[in-house]
Amino acid sequence: MGAAPDPKLAAMISGAGGNPLLIVELVQGLREEGTVEISHERARLLDERIPRRVRDLAQHWLDSLSDKARQLVQVAAAVGGSFMVVEVASMLRETTASMLPALNETIASGLLICPGEQTVFQHELVRRSIADALPAAVRQALRQDVSALRRQHCLQVPMPPEFLVTGGRPAGTPVPGSTDAPAPLPAPAPLPASSEEPGIVHRLLPALLMARSTRTEPLPLGLADELRASLTAVLQAHYADVELTGTADAPLAERADRITRNTVSLFADGVQRATTRARAILATHQGRDDEADAVTATVVMSNLEWAVGNLAEGLRWGQRAVRCLGPATPPMWSPYVRLALATKLSDIGRFEEAEGLISTARTEAEALGQPHTATPSIARAMLLLQSSRLQEAQDSARAGLEVAAKTGGGWVVPVGQAVLILVALRRGDLASAADYAWRCRAAVGADSTVFPSIHFDWGECLVATAQLGARRTAELLTTTYAHLLTSPQLFVEEAAAAAWFVRLALAADDMPLASTVVTAAERFAAANPGRPTLAVAALHARGLLERDSEALRQAAREHVSPCAGALAEEDLGILLSAQEEKNGALGAAALRSALQRFVQIGSQGDIERIRAFMEEHGTPVTSAPRQGRPATAGWEALTETERSIAHLVSDGLTNRQVARRVSLSPHTVNYHLRAIFRKLGIGSRVEVARHITHSA
């Protein structure tokens, strides 16, 4: 247009969030409708109404969504610039878990993003267009509903970073035509960095070293450039000391540049080129395998082999990487190289070896400073979960996530939150599991150094199943979660995954799905001889499919994972109970044994499921402690989470402060606090403190 926009027009354009298509449609629409005036090389906005071009584009995007996703977007658009999904779910009379597929769809479409605990529209212009398309009376009613909901539940909706809401507008600048009142927005917390160890290195390099499939696509250009500059600074600082020993074979700057280029190249290409690059780097070192790029290339080879299911090769390369650690390896590399191997050992049930590596890595990380201590805690949390030590797993995950929140180590969030999701599900606490899933989805969308995790996808799938049922989840396994069915990583990391899929498929009367899973599990086990954990997992799945009691009995006996073994015994009990005349007594015995195993683990959700089955079939529960029927009032009625919250509240912490300590949202903390009041028969936070003091 050959003119500079006035403030109102510039503010309206910023509502496009930098999207070129939206900006072009907006400007062309304003010109066509005569609502912009050019005078003295200045463009002045005459009318703040959104042009039809933009409204039509927004409607086209909206029409491409499923019915539930479209409804979510319309309600959210009326609510305002930011919202919590639990609010919209409540208004739609849905559960948060049942809204997961719709939220995922809207995020994938680019309409919504989750920069934190709240969800926001990617483009304010689109939000306004969708909201304006609703009748005014409907918009007003929806806004009244959400206001009442927030007052009722004391919901605190934190605002996202400024640029995510305002599209780059100055703080406090209202969106033209918007009815949303502006609020002061906090700046994002600065990431720790120093001249010796830039923040991007401790945020991104550990993720790259420990990601099981490394990267399946190139790093974004800006992120790669930032990593390249940061690595150079770290390497120059380290090799300045190493060079004094006489081991360097090139000038410092040249050496650091070569290693930087090699290291970044391992993560800047697809899988095939990364493998080729890793082998080329290792071929050029010939005896100097402790240099940073050689160690990284070795870990990459380990990760890539593991990702495609070659476990023996993955372990061999991982063990070689640990052996290669030496004086030429920068100290900040070492903990993550050990942890990359430890997580693989834990996956195949070699828990003691894994714990030893994690302990060494923790010592090294503590010497490096707090930013590095989150990863050992999260790695140990996953090990504890795999060995069915639920409370310890939860504590370790929370400790790691707390450090990550303070230091910018967001890449560990999906794994840490996955542990909390799976622990909550084991304990039958679906509300907390769904809350962790939302928080993790938000973290992944807000931080470019946070990579997807198969653990998180698995946990999210289980949450969806708990709410949607077998048939709907079986449908999701052909779309949203289809990658789980063919993931060697999931089958090796979750001992009961294959059997769980078969359970689900049988419940949904989907025999092709059940057969596909069994075939995949058996093929994976056959490709990795000498790995008993894979063989017994495939046996468990086959036993379920073919109703083979001997196979299930053997799986219950040989599973390394206590939870997987208990599940196999439960499956055996259910199968035998169906043959009442012949094996009814044997089925009851197997169920009681499975129940006892779950009691020892502390898996309340599994306990309740087995008890419900036994009561429905008239099977007496005489051989297991009656721990599945908790008290309904008093301190004994509180869950572990509720007790933790009660103690923190008695110390004077606010809901928001408590939320950070226990890795929950303020809304969920408020939910638990109301449950505490009800069970203790009290009505205030002061009375919580009195109760705890009296009990002590």
Side-chain angles (χ1 to χ4, degrees), residues 15 17 22 50 54-115 117-150 152-153 155 157 160 165 178-180 430-431 434-435 437-439 441-442 445 460-461 463-469 471-476 478-481 665 667:
L22 267 175
I50 297 176
V54 175
R55 297 200 305 271
D56 289 346
L57 179 60
Q59 188 62 47
H60 173 71
W61 288 345
L62 189 64
D63 290 343
S64 68
L65 301 175
S66 66
D67 289 344
K68 183 175 283 191
R70 185 163 56 249
Q71 192 176 23
L72 183 155
V73 169
Q74 288 175 313
V75 173
V79 166
S82 66
F83 61 96
M84 293 182 72
V85 179
V86 65
E87 297 171 338
V88 176
S90 179
M91 294 167 70
L92 294 175
R93 300 185 183 279
E94 297 273 359
T95 64
T96 51
S98 68
M99 294 297 294
L100 273 171
L103 178 67
N104 291 342
E105 183 181 349
T106 59
I107 291 173
S109 73
L111 285 173
L112 300 179
I113 54 175
C114 295
E117 292 182 5
Q118 72 294 320
T119 304
V120 300
F121 277 79
Q122 181 89 287
H123 314 104
E124 176 62 16
L125 275 175
V126 174
R127 186 199 71 79
R128 281 186 55 204
S129 298
I130 294 172
D132 290 347
L134 298 171
V138 173
R139 290 200 305 270
Q140 183 63 24
L142 289 171
R143 287 168 182 166
Q144 289 174 349
D145 285 350
V146 77
S147 296
L149 187 67
R150 289 173 179 175
Q152 177 184 353
H153 296 294
L155 287 176
V157 184
V165 176
S178 173
T179 58
D180 301 325
L430 182 58
D435 190 78
W438 289 122
R439 291 165 65 85
R441 181 64 64 187
E460 189 180 65
C461 180
V463 170
T465 303
Q467 283 294 334
L468 303 179
R471 288 188 180 277
R472 179 67 181 122
T473 305
E475 294 173 10
L476 290 177
T478 65
T479 54
T480 307
Y481 303 117
S665 71
H667 167 60

Item checked: Contacts of type side chain to side chain contact (heavy atoms under 4.5 Å, CB included), residue S64, not counting sequence neighbours -> none

Item checked: Rounded distance [0.5 Å steps], CZ in R127 versus CD1 in I50 -> 8.5 Å

Check: Who passes salt bridge (Lys or Arg N to Asp or Glu O under 4.0 Å) against D63, sequence neighbours left out?
Finding: none

Note to self: To check you understand the geometry: which heavy-atom pair defines the closest contact between E105 and L65, and what is its length?
What the structure shows: OE2-CA, 3.4 Å

Item checked: side chain to side chain contact (heavy atoms under 4.5 Å, CB included) partners of A466, counting only residues at least two apart -> L430

Margin query: In the structure I gave you, are the side-chain heavy atoms of Q74 and V138 within less than 4.5 Å of one another anywhere?
Written below: no

Next item on the list: For R70, check salt bridge (Lys or Arg N to Asp or Glu O under 4.0 Å) against everything at least two apart and list the hits.
Entry: D67

Next item on the list: Please check if the side chain of R55 supplies one atom and the backbone of A133 the other of a donor-acceptor pair under 3.5 Å.
Entry: no

Checklist line | Qualifying residues under side chain to side chain contact (heavy atoms under 4.5 Å, CB included), relative to A102, sequence neighbours excluded | finding: K68, A69, L72, M99

Margin query: If you compare all heavy atoms of L476 against all heavy atoms of A464, which two are closest, and at what distance to 0.1 Å?
Written below: CD1-CB, 4.4 Å

Notebook entry, point to check: Between N104 and E460, which heavy-atom pair has the shortest distance, and what is it?
Noted result: ND2-OE1, 3.5 Å

Checklist line | Atom pair CH2/CD of W61 and Q122 - distance to nearest 0.5 Å | finding: 9.5 Å

Next item on the list: Could you walk me through whether L103 and T106 pass side chain to side chain contact (heavy atoms under 4.5 Å, CB included), step by step?
Entry: CA-CA 5 Å; L103 178 67; T106 59; 3.9 Å; yes

Margin query: I need the minimum non-hydrogen distance between L62 and V73, along with the two atoms involved.
Written below: CD1-CG1, 3.7 Å

Item checked: side chain to side chain contact (heavy atoms under 4.5 Å, CB included) partners for A58, two or more places apart -> V126, S129, I130

Notebook entry, point to check: Roughly how far, to the nearest 0.5 Å, is the CZ atom of R471 from the OG1 atom of T465?
Noted result: 14.5 Å

